[in-house]
Amino acid sequence: MLVDRTCRLCVGIPVYNEAGYLSRMLDALKAQTYGEVKYLVCDNHSTDGSWDLIQDRCAGYGRFVLHRHADYIGAESNRGFPFRNSMTE
């Protein structure tokens with residue numbers, strides 16, 4: 001499991017070639033004040049620089065758990081990945 005039971009809420013964020021929208025979204029998540037949350041960002045092997053942007057924007061924020069698939073796995077599989085890989089209350 002990528003996210004363990006140390007948090008009450010896990011928010012799955014599947015990503016594929018969304019570089020144009022990621023900065024604003026990630027900044028909004030960083031501004032949230034609820035403390036018992038993890039954000040599981042799952043990059044589906046983007047080709048537009050999304051992964052680099054995710055790494056840069058999330059660096060130093062322990063609430064973000066980052067995962068990049070080695071190959072493109074399809075939209076449905078990427079959307080389901082956070083549910084299969086988080087164990088929260």
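Below, each value reflects all heavy atoms present in this structure, side chains not excepted, and no hydrogens, waters or symmetry copies. The chain is numbered in sequence order, starting from 1. Here the structure is a predicted model, which is why all the values come from computation and not from measurement.
Between the side chain of Asn78 and the main chain of Ile73, no donor-acceptor pair closer than 3.5 Å is present. Distance alone, capped at 3.5 Å, places no donor-acceptor pair between the Arg79 side chain and the Gly12 backbone. In this structure a side-chain-to-backbone donor-acceptor pair under 3.5 Å is present from His45 to His69.
Side-chain atoms of Val41 and Leu22, non-hydrogen and from C-beta on, never get closer than 4.5 Å to each other. Counting heavy atoms from C-beta outward, Ile54 and Arg68 have side chains that stay 4.5 Å or more apart. Counting heavy atoms from C-beta on, the side chains of Leu26 and Phe64 come closer than 4.5 Å. No side-chain heavy atom of Tyr72 sits less than 4.5 Å from a side-chain heavy atom of Thr47. Side-chain contact check for Asn44 versus Pro14: every heavy-atom pair is 4.5 Å or farther apart.
The side chain to side chain contact (heavy atoms under 4.5 Å, CB included) test applied to Asp48 returns Asn17, Ala19, Ser46, Ser50, not counting sequence neighbours. Considering only residues two or more places apart in sequence or on other chains, Ser23 meets the side chain to side chain contact (heavy atoms under 4.5 Å, CB included) condition with Leu53, Arg57.
Linking ILVMFWY side-chain heavy atoms closer than 4.5 Å, directly or via other members, places Tyr16 and Leu29 in two distinct hydrophobic clusters. A chain of hydrophobic side-chain contacts below 4.5 Å, direct or via other Ile, Leu, Val, Met, Phe, Trp or Tyr residues, connects Val11 to Tyr34.
Checked for salt-bridge contact, Asp27 and Lys30 meet the test: a charged N lies under 4.0 Å from a carboxylate O.
A distance of 10.5 Å separates CD of Gln32 from CG of Leu9, quoted to the nearest 0.5 Å. Remark: Phe81 CZ to Asp43 CG distance equals 11.0 Å, nearest 0.5 Å.
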CA sep, side-chain torsions, deciding dist, call: Asn85, His67, side-chain contact (heavy atoms from CB on, under 4.5 Å): CA-CA 10 Å; Asn85 289 279; His67 176 79; over 6 Å; no
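Residues Gln55 and Leu66 share a closest heavy-atom pair of CA-CD1, 4.1 Å.
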